[in-house]
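Below is one structure; the comments refer to it alone.
Start at 1 and go down the list; that is how both ligands and their atoms are numbered.
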Amino acid sequence: MASSEFSLIKQYFSRQQVQRQDVDLAIGDDCALVQAPVNSQIAISTDSLVAGTHFLADADPKKVAYKALASNISDLAAMGATPSWVSLALTMPKPDEAWLEQFCDGFFELADRHQIQLIGGDTTKGPLSITLTIQGMVPQGKALLRSGAKAGDWLFVTGNLGDSAAGLEVILGERHSGSTLEKTLENRHYFSEPRVLAGQALRGLASSALDISDGLIADLGHILESSNVSAAIDVNKLPLSAELLDFCHDKETAQQVALSSGEEYELCFTVPEENKQYIESALAHTDTKVTCIGQIQAGKGITLRDGDTELDWHLSGFDHFRSES
Ligand code: ADP
Ligand code: MG
């Protein structure tokens, strides 16, 4: 972009409040310079959101920014890492002050809350898209991987499941009653809270972890594949919000939504039997609900149970992981 257009954009991104001690040089030079603590590893993750693919071009920029950053932070949370620095590659058709202003509102609200500093980026002209690279720290060798689950481990999730998908249904639905129920679910879709403190607290206790971005069934499948194990879930244990139960009318539908709802940004993790007793107290200070929903077993696939009865539910993203396939 022309330099005058560019200085406009830089003006927006210099609005942030966070100034970290470990950042020696931020926006303005050819590179940012940061200091990595000794005995830590740097965790790095990139996410791209493209208008028309991941969000509508006319979507509220505040919500787009929040969601882009929240999903990025959530990847670090799932590793037990603490987010520190983020860079933003922004491509837009033309400099749009109103859009940038709102985008920055959503972005910095969340970045400030987590003490994450925007240290640089790139700005180009083209179809609207946002690419974020987040970096953070995790004590050497302590990151939570997908590959550590063992038969006998217990399966846990944070928060409630299903609200994000129900919220999306409200957003895309044709009829809006504007009820508080609908508003609550809509907000759960747009404004999830990445589980950073919970991820940190699980270091040394959980044997594997990931964040739920594509739905519990699909994402748990990644742990099972990486760890070469299977899982049994008791659908009665799934944590469902009162709002979801109300929205779905019957419990079975709510359970099915909870199993497949994407963009939850809750953590799914496994815990060896000897650590199970410590989970609640370890997470007590994080204000995070945790629920044991099942157990890891030998073999392949996911079995769904209602108490002792095996269920034959066909959910999107589910068939691929069934034991007999
Ligand atoms: P260069 O030509 O060296 O890539 P730029 O003119 O693209 O430099 O960027 C100048 C400075 O502004 C750099 O420090 C860069 O990190 C920062 N910057 C550019 N775009 C953004 C953005 N969208 N968000 C944050 N920082 C940005
Ligand atoms: Mg550049």
For [X], counting its heavy atoms only, list the atoms of ligand 1 lying under 4.0 Å from any of them.
X	answer
Ile27	12 (O), 14 (O), 17 (C), 25 (C), 26 (N)
Asp29	13 (C), 14 (O)
Asp30	3 (O)
Leu118	25 (C)
Gly120	16 (O), 24 (N), 25 (C), 26 (N), 27 (C)
Gly28	11 (C), 13 (C), 14 (O)
Thr123	19 (C), 20 (N), 21 (C), 22 (C), 23 (N)

Partners passing side-chain hydrogen bond (donor to acceptor under 3.5 Å, both in side chains) against Gln35 (at least two apart in sequence or in another chain): Asp24
Can you label the angle between the Phe13 ring and the Phe108 ring as parallel, tilted or perpendicular, going by 30° and 60°? perpendicular
Salt-bridge criterion met for Arg15 and Glu101 (N-O under 4.0 Å): yes
Scan Asn236, Leu244, Leu238 and name whichever one has a side chain to side chain contact (heavy atoms under 4.5 Å, CB included) with Lys251. Asn236
Flag Gly121 as yes when one of its N or O atoms lies below 3.5 Å from any N or O atom of ligand 1, and as no otherwise. yes
Taking the ring centre of each residue, are Phe191 and Tyr66 less than 6.0 Å apart? yes
Test item: Ser74 side-chain N/O and Ala70 main-chain N/O as donor-acceptor pair under 3.5 Å: no
